[in-house]
Amino acid sequence: MDFITYFFACFTPLKIALMIGGAVGGILLGAAPGLSPTMAVALLVPFTFHMDPAEGLILLGAVYTAAVAGGSITAILINIPGAPANIATMFDGHPMARKGKAEKALYLSFLSSGVGGLFGVAVLILFTPPIARMAMEFGPAELFWLAIFGVTVIAGLSSGTVVKGLYAGSFGLLLSCIGENPVYGAERFVFSDMLTGGISIIPALIGLFAIPQIFTLVETIGQALEKQSFKAQKGVLREALSDIIRHPRQWIMGSLIGSFIGAIPGAGGQVAGLIAYDQSKKMSRTPELYGTGTPEGVISVESSNNATVGPALIPLLTMGIPGSPTAAVLLGGLLIHGLFPGPELFTKHADVAYTFIASMVVAQFAMAIFGIMISRYSHIVMNIPNIFMVAAVTILCVYGSYSVQNSMDDVIIMFCLGLCMYLSSRNSFSPAPVVLGLILGPLAEDNFSRGKIIAQTDDGLASYFLTGGVNMIVIALCAVSIGWSVYSEWKMSRNNVARRAQTSPDTAASLSQA
């Protein structure tokens with residue numbers, strides 16, 4: 001009821017202008033490799049200091065939700081994710097662009113982001129108290145098993161075999177161990193001063209995805225003056241809307257996964273997107289089309305990563321626990337205005353809290369509308385000669401890596417990882433499992449170490465990690481995920497054998513006729 005009371009308060013001219021400006025700016029910032037949603041919001045926090053609290057939060061919220069969606073632009077057009085949450089968008093988004101369907105892929109991305117974002121905000125409005133209590137049930141043991149569940153997804157993310165996916169994921173887990181142990185402070189694998197702080201996710205993300213793409217473009221530098229045959233087409237938006245309507249399972253499942261993952265502190269949109277893609281592929285009637293440019297892959301990922309935005313604010317607003325790094329920056333935006341999370345935020349400052357939540361609903365529409373408008377000009381990017389694309393992407397990569405900590409060490413690490421990934425990609429290794437291992441490694445290690453300390457003062461490791469309702473549910477999901485990956489691999493291998501058997505007689509017959 002309070003939400004409805006304050007809903008129309010966000011429709012003043014200034015607040016609408018802030019939402020539109022935040023949506024457009026967030027899309028453009030999110031599309032720049034290295035400028036994550038967290039960084040985009042952090043850059044704007046100082047500018048909100050002299051604003052009204054509600055107006056400042058409206059601007060930050062619009063930038064947050066739009067930056068998550070904006071990262072899909074570069075993921076689709078040039079195969080480089082604008083943010084970690086858009087890693088899985090590349091798997092089918094970029095193949096669609098290479099087929100001349102870049103505009104449709106972008107439409108699918110922003111429409112799915114709008115649907116998932118609205119679902120997430122609806123969860124924020126309707127289920128804040130129960131989800132906050134559920135999120136509190138996730139202690140170190142539960143978060144450890146959640147990370148392990150994410151690791152089980154690795155096998156399904158490789159462009160080659162399951163074994164190569166596991167090798168790549170293991171390499172990512174090894175990379176995550178570089179630096180100091182977060183609990184005990186011991187240094188591991190620190191062979192140089194530049195590795196003392198470990199490997200940051202943004203330079204690693206840029207290196208693993210962008211640098212191989214640069215080398216691939218350099219290989220075709222001789223065709224630099226030949227423009228790609230891509231033109232904007234009419235009726236594409238109608239086709240994208242039709243795809244959204246024809247695939248409700250993908251965006252419903254993606255929104256549910258994103259809302260659940262978003263409410264758990266520390267997980268984030270990157271985990272939600274990868275899990276949603278994996279589960280969508282496993283549940284699809286045509287899993288062999290995933291990775292070749294199917295709309296289902298884009299819909300499931302983009303609906304899930306934007307669905308994390310609303311639920312990530314639930315533990316922030318109710319308990320002061322940020323559900324994501326960007327939510328942690330938003331916490332700073334609350335505190336500089338003298339607003340403290342908790343029950344009093346919804347009683348003493350109800351006008352600010354509910355106006356901010358209401359603006360998140362309107363921001364989803366603004367993000368989708370202006371994202372679609374920007375997508376109409378995607379052919380400009382697709383028609384840029386490769387020589388200019390190499391220069392522009394290289395500059396963005398160096399700037400994005402350097403800006404994380406203002407350190408050239410990150411730039412060197414980015415190039416080293418990129419060179420390794422470029423050489424590995426020639427043997428059908430995919431960067432996605434490496435990034436997932438790098439993301440989930442600290443989450444698993446940190447929570448296992450914390451859980452081990454707690455278990456030593458209680459009934460032991462087995463009792464702490466293998467008992468409890470939430471633990472058992474997540475462990476069961478891990479077992480199902482592993483079993484399904486093995487079954488899917490076996491089924492695809494059997495289908496390939498059957499196709500070869502059917503092709504051989506036909507080939508022999510044609511040769512005999514010749």
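Only this structure's heavy atoms are used, side chains among them; waters, hydrogens and symmetry mates stay out. The shown structure was predicted, so the numbers you read here are calculated from the model rather than taken from an experiment.
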Original post:
Do the non-hydrogen side-chain atoms of M414 and I211 ever get within less than 4.5 Å of each other?
Top reply: yes
Would you say the side chain of F189 lies within less than 4.5 Å of the side chain of L175, judging by non-hydrogen atoms? no
When rounded to the nearest 0.5 Å, the distance separating CG of L334 from CZ of F356 is 7.0 Å
* Does R188 reach the main-chain N or O of I178 with its side chain, forming a donor-acceptor pair under 3.5 Å? -> no
Donor + acceptor pair across side chains of T196, E187 (<3.5 Å) | no
Value for OG (S112) from CG (N306), rounded to nearest 0.5 Å, stands at 9.5 Å
- Could you walk me through whether M421 and F429 pass the side chain to side chain contact (heavy atoms under 4.5 Å, CB included) check? CA-CA 8 Å; M421 194 67 250; F429 283 94; 4.2 Å; yes
dist R249:CZ -> Q279:CD (nearest 0.5 Å) comes out at 12.5 Å
All heavy atoms of E296 vs all of T286, minimum pair found to be OE2-OG1, 4.1 Å
>> Is the shortest side-chain heavy-atom distance between I148 and W145 below 4.5 Å?
In response: yes
Going through the checks in order, is the side chain to side chain donor-acceptor pair (under 3.5 Å) test met by Y277 and S304?
CA-CA 9 Å; Y277 183 86; S304 66; over 6 Å; no
Polar side-chain atom of N471 near backbone of T467 as donor-acceptor pair, under 3.5 Å:
yes
Students often mix this up, so state it plainly: with edges at 30° and 60°, are the rings of F215 and Y422 parallel, tilted or perpendicular? tilted
Closest non-hydrogen contact found for I357 with V121 is O-CG1, 4.1 Å
Under 3.5 Å, side chain of T65 to main-chain N/O of A62, donor-acceptor pair present?
no
Quiz prompt | I473 side chain reached by V470 side chain, heavy atoms, under 4.5 Å | solution = no
> For A141, does its backbone N or O pair with a side-chain atom of N447 as donor and acceptor, under 3.5 Å?
Replying inline: no
What one should report as the nearest heavy-atom pair of L106 and I76 is CD2-CD1, 3.8 Å
When rounded to the nearest 0.5 Å, the distance separating CE of M253 from CD1 of I299 is 11.0 Å
When every non-hydrogen atom of V68 is compared with those of A85, the smallest separation belongs to CG1-CB, 4.4 Å
Would you check if L195 and I413 make a side-chain contact, meaning some heavy-atom pair closer than 4.5 Å? yes
Verify, without hydrogens or angle tests, whether K99 (side chain) and T292 (backbone) share a donor-acceptor contact under 3.5 angstrom. yes
For A105 and V298 the tightest heavy-atom approach is O-CG1, 4.0 Å
inquiry  = Is it the case that the side chain of S284 and the backbone of S280 share a donor-acceptor pair, with hydrogens and angles ignored and the cut-off at 3.5 Å?
reply    = no
Q) Does the S401 side chain pair with the main chain of D410, one donor and one acceptor, at a distance under 3.5 Å? A) no
Discussion item. Is there a side-chain contact between L256 and F119 in this structure, where contact means two heavy atoms from C-beta onward sitting under 4.5 Å apart?
Written reply: yes
- Item | Test side chain to side chain contact (heavy atoms under 4.5 Å, CB included) applied to S303 and Q250, step by step | CA-CA 8 Å; S303 60; Q250 274 64 39; over 6 Å; no
* Asked: Is N86 reaching over with its side chain to a backbone N or O of A75, donor-acceptor style, under 3.5 angstrom?
  -> no
Should the heavy atoms of other residues, nucleotides or ligands under 6.0 Å from CG of N406 be counted, would the total exceed 12? yes
Practice prompt. Go through the steps to decide whether E445 and S176 satisfy the test side chain to side chain donor-acceptor pair (under 3.5 Å), and finish with yes or no.
Written response: CA-CA 9 Å; E445 182 188 17; S176 72; 5.6 Å; no
Look at the aromatic rings of F144 and F448 and report parallel, tilted or perpendicular, splitting at 30° and 60°.
tilted
**Prompt:** Any side-chain heavy atom of L143 sitting closer than 4.5 Å to one from R450?
**Reply:** no
Here the gap from N427 atom CG to Y167 atom OH, rounded to the nearest 0.5 Å, amounts to 13.0 Å
Exercise. Decide yes or no for F110 and I73: does some side-chain heavy atom of the first lie under 4.5 Å from some side-chain heavy atom of the second?
Key: yes
Correct closest heavy-atom pair for S255 and A307 would be O-CB, 3.6 Å
Rounded to the nearest 0.5 angstrom, the CE-CG distance for M472 and L477 is 11.5 Å
